[in-house]
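Take a look at the structure below.
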Amino acid sequence: MKSIMQENKECYLCRYLYDFENQMNLQEHHCIHGTANRALSELYGLKVYLCINHHTAGINAVHKDRNMDLILIKEAQKKFEELHGHNKFMEVFKKNYL
């Protein structure tokens, strides 16, 4: 499924944090993760592109920094709820991150 969180192929966090368009070394990231949630993120389009520094390699990479990870999780919940509502989010993901 296509991302519902971004239209342009660029690092979501470079744009979100610095208003900078970074299209270098992009990797796909499923915003709500874990065994079952990764597939649900794919199904509902809760995924973004991240540069390697924001994904896995940098000190503030989402796979190393829980606060950065939570930024994406919360943004994913907001976007999902805009389209499907809070009750549906709770039904599908079973946890409120906001």
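Treat the numbers as computed from the prediction; the structure is a model and nothing was measured.
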Legend entry - salt bridge (charged side-chain N to carboxylate O under 4.0 Å, His left out) contacts touching residues 89-98 (sequence neighbours left out): Lys88-Glu91
Inset, instruction - Using the test side chain to side chain contact (heavy atoms under 4.5 Å, CB included), find all partners of Leu98 that sit at least two apart in sequence or belong to another chain. - result: Lys74, Gln77, Lys78, Glu81, Asn96
Inset, instruction - Just jot down the salt bridge (Lys or Arg N to Asp or Glu O under 4.0 Å) partners of Glu7, sequence neighbours excluded, or say none. - result: none
Legend entry - Note, Ile73 side chain near His33 side chain (heavy atom, < 4.5 Å): yes
Inset, instruction - State plainly whether one hydrophobic cluster holds both Leu13 and Leu26, where clusters connect Ile, Leu, Val, Met, Phe, Trp and Tyr through side-chain heavy atoms under 4.5 angstrom apart. - result: no
Legend entry - Heavy-atom side-chain proximity of Glu21 to Asn8 below 4.5 angstrom: no
Legend entry - Spacing of NZ belonging to Lys79 relative to OG belonging to Ser3, to within rounding of 0.5 Å: 9.0 Å
Legend entry - Any donor-acceptor N or O pair under 3.5 Å, side chains Asn22, His54: no
Show me, pair by pair, the donor-acceptor contacts under 3.5 angstrom made by side chains of residues 46-53, not counting sequence neighbours?
{"residue": "Lys47", "atom": "NZ", "partner": "Met1", "partner atom": "O", "Å": "2.6"}
{"residue": "Lys47", "atom": "NZ", "partner": "Glu42", "partner atom": "OE1", "Å": "3.2"}
{"residue": "Lys47", "atom": "NZ", "partner": "Glu42", "partner atom": "OE2", "Å": "2.7"}

Legend entry - ring pair (Phe, Tyr, Trp, His ring centres under 6.0 Å) partner of His84, chosen from Phe93, Phe89, Tyr44: Tyr44
Inset, instruction - For residues Met5 and Leu72, report the shortest heavy-atom separation together with the two atoms involved. - result: CE-O, 4.2 Å
Inset, instruction - Please name all residues satisfying salt bridge (Lys or Arg N to Asp or Glu O under 4.0 Å) with Arg38, sequence neighbours left out, ordered by chain then number. - result: none
Inset, instruction - Check Tyr97 against Ile32 and note the closest heavy-atom contact, atom names and distance. - result: OH-CG2, 4.4 Å
Please list, one pair per line, the donor and acceptor atoms closer than 3.5 Å that link side chains of residues 55-64 to other protein atoms, with sequence neighbours excluded.
{"residue": "His55", "atom": "ND1", "partner": "Gln27", "partner atom": "OE1", "Å": "2.5"}
{"residue": "His55", "atom": "NE2", "partner": "His29", "partner atom": "ND1", "Å": "3.3"}
{"residue": "His55", "atom": "NE2", "partner": "His63", "partner atom": "NE2", "Å": "3.2"}
{"residue": "Asn60", "atom": "ND2", "partner": "Asp65", "partner atom": "OD2", "Å": "2.9"}
{"residue": "Lys64", "atom": "NZ", "partner": "Ala57", "partner atom": "O", "Å": "3.1"}

Inset, instruction - Give the ring-plane orientation class for Tyr12 versus Tyr16, where under 30° counts as parallel, over 60° as perpendicular and anything between as tilted. - result: parallel
